[in-house]
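Reviewing the structure listed below.
Below, each value reflects all heavy atoms present in this structure, side chains not excepted, and no hydrogens, waters or symmetry copies.
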Amino acid sequence: ITARSMLLRTLDVWGLGNRSMPRTMLHLILRPGYMIADYIKGRRQPYFPPMKMLFVLGAFYLLSMALVRFGEKVVKGNESFTDVMLECVGISGGYEAAAADTTKQKAENGAWSNVPIGEVINSEDFAMSTQSGDKQGKVTIDEDSALMRSMKKIKGKTFSQVFDDVLRRTLVLRMFVLCLLYALFTKAFFRKSAECEAMNYTEMFFTQVLMFCQMLIVGIVMVLMGGELELSAFSLLPWWLQVTLFTVNYKQMFGLGTRSALFKTVALTITVNFIVVLMIVIVGTLMVLSVMVFE
C-alpha cells in the first residue's frame, strides 16, 4: 500500500482514475451541444457520467469559492489568519458587533440585508393584532418551533449571509430542481425541432444536467480568476452568460439558427425564473405560517 495506490483507488470510486472527466469537461467547453447530442444518441463510452460529474463539480465549485473568500479576508481584510480559520469552522463571533444600536432603524427603513437576525427575529417584532367583525385575535410566534430554534443558533448573522449559507448548502439540490424545470419547459419551447421531439423527458433531463455541469466549469474558472460571482437561486452565473451558453447549446443540439435559439432561450429562462420565484414565495409563506400561533 502506497500513497499513490490509495489515491488512485479513491479516485476510481468516483470514476476519476481515467481521462473521461477531463475529456468531458473539454468537450463541454469547445463543442457542448454536439457533445450532449452524442451522449443522448448513445455514444457515452468516452464521457463521464452526468450525475456523478454534477456532484464532483459542485464540490469543486464550492471549494474554489471558499478558498478565494478565505484568501480575500486574510489579504484584504483586517482579520488575522487565525480569526479567519476560526470563523470558517464556526468558532469566531464574526458579526455580533454589527451596529446593534441602529438595528431597529435599519429594519424600519427596509434595509433587511444589513440587519443581524438575532436583533430582529423575536416574538415581539412579529406579534400583531387582527380584528374581524366582533372577534379579535393576536398572532404571536411559537418560540419552540424548529424555525425559531434555528434562527437563534445563527444570531449575529445578517439576512444576506444566512441566505448565502442556504444557497451554498443546497447547491446540488437546487441544480437538480432547476434541471427538472428546464427539462420540462425545454420540451415545450423547442418542440418543433425534430431532434428535441425525438427526446423523452429523461433524456432531456440529462441534457440539462450536462449543461449545468458546463456552467459549473465556467463558474470555477471565473472564481479562480478573481471574478465576482454571487450565489443565486436561479443560476450559478450572471444571467447574460447563462443565456449565451444555453443559446450555443440549444443551437448545436437542435440545429437551430442563432436568432431562433436566442429568442427561445430567453423566453425559457424567464419562464423558469418565474416558476422559481413562485416556489420561493410559497415556501417562505408556509415557513412563516408554520411558526405563528393564532389565539
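- When all heavy atoms of Val248 and Pro32 are compared, the closest pair comes out as CG1-CG, 4.3 Å.
- Under the 4.5 Å side-chain criterion, counting only non-hydrogen atoms from C-beta, Phe212 is not in contact with Phe176.
- The closest donor-acceptor contact from the side chain of Thr24 to the backbone of Phe48 lies under 3.5 Å.
- Ring pair Tyr47/Tyr39 is tilted by interplanar angle, where 30° to 60° counts as tilted.
- At least one donor-acceptor pair under 3.5 Å links the side chain of Lys187 to the backbone N or O of Met199.
- Rounded to the nearest 0.5 angstrom, Leu224 CG and Met65 CE are separated by 11.0 Å.
- Here the straight-line distance linking atom CD1 of Ile40 with atom CZ of Phe206 works out to 8.0 Å at 0.5 Å rounding.
- At a threshold of 4.5 Å between non-hydrogen side-chain atoms, the residues Glu195 and Met253 do not count as touching.
- Between the side chains of Gln208 and Thr186, a donor-acceptor pair is found at a separation under 3.5 Å.
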Task: Pair Met204-Phe185, side chain to side chain contact (heavy atoms under 4.5 Å, CB included): steps then yes or no - done: CA-CA 10 Å; Met204 188 61 69; Phe185 288 101; over 6 Å; no
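- At least one side-chain heavy atom of Leu57 sits less than 4.5 Å from a side-chain heavy atom of Met21.
- Counting only residues at least two apart or in different chains, salt bridge (charged side-chain N to carboxylate O under 4.0 Å, His left out) contacts with residues 28-40 comprise Arg31-Asp38, Asp38-Arg43.
- At distances below 3.5 Å, at least one donor-acceptor pair connects side-chain atoms of Gln214 with backbone N or O atoms of Leu28.
- In terms of the side chain to side chain contact (heavy atoms under 4.5 Å, CB included) criterion, residue partners of Ile29 (sequence neighbours excluded) are, by chain and number, Ile217, Val218.
- For residues 240-269, no pair satisfies salt bridge (charged side-chain N to carboxylate O under 4.0 Å, His left out), with sequence neighbours left out.
- Across Ile270, Ile275, Thr269, Thr271, a single residue satisfies side-chain contact (heavy atoms from CB on, under 4.5 Å) together with Asn273, and that is Thr269.
- Annotation: side chain of Asn200 is in contact with side chain of Glu203 (closest heavy-atom distance under 4.5 Å).
- In this structure, Tyr34 has no ring pair (Phe, Tyr, Trp, His ring centres under 6.0 Å) partners at least two apart in sequence or on a different chain.
- Checked against the 6.0 Å centroid threshold, Phe246 and Tyr182 count as a close aromatic pair.
- Taken to the nearest 0.5 Å, the SG atom of Cys179 stands 11.5 Å off from the CZ atom of Arg174.
- Atoms CG and CE, from Leu178 and Met175 in turn, are 5.0 Å apart once rounded to the nearest 0.5 Å.
- The two residues Leu268 and Phe189 have their closest heavy-atom pair at CD1-CD1, 3.9 Å.
- Residues that satisfy the salt bridge (charged side-chain N to carboxylate O under 4.0 Å, His left out) test with Arg44, not counting sequence neighbours, are absent from this structure.
- Separating the CD atom in Gln242 from the OG1 atom in Thr265 is a distance of 9.5 Å, to the nearest 0.5 Å.
- The main-chain N or O of Gly257 is never found under 3.5 Å from a side-chain atom of Ser260 such that the two would form a donor-acceptor pair.
- Residues Met279 and Val277 fall within the same hydrophobic cluster, defined by Ile, Leu, Val, Met, Phe, Trp and Tyr side chains chained together at heavy-atom separations under 4.5 Å.
- Between Ile220 and Met215 the shortest side-chain heavy-atom distance does not fall below 4.5 Å.
- Within the 4.5 Å cutoff, no side-chain heavy atoms of Gln252 are placed close to those of Ile36.
- The two residues Arg23 and Pro46 come nearest to each other via the heavy atoms NH1-O, 2.7 Å.
- In this structure, the side chains of Leu245 and Leu237 come closer than 4.5 Å at one or more pairs of heavy atoms.
- Here CG of Leu54 is found 9.5 Å from CG of Leu210. Values are rounded to the nearest 0.5 Å.
- Side chains of Cys196 and Arg191 form no contact here, defined as non-hydrogen atoms less than 4.5 Å apart.
- In this view, Phe254 and Phe190, Tyr250 satisfy the ring pair (Phe, Tyr, Trp, His ring centres under 6.0 Å) rule, not counting sequence neighbours.
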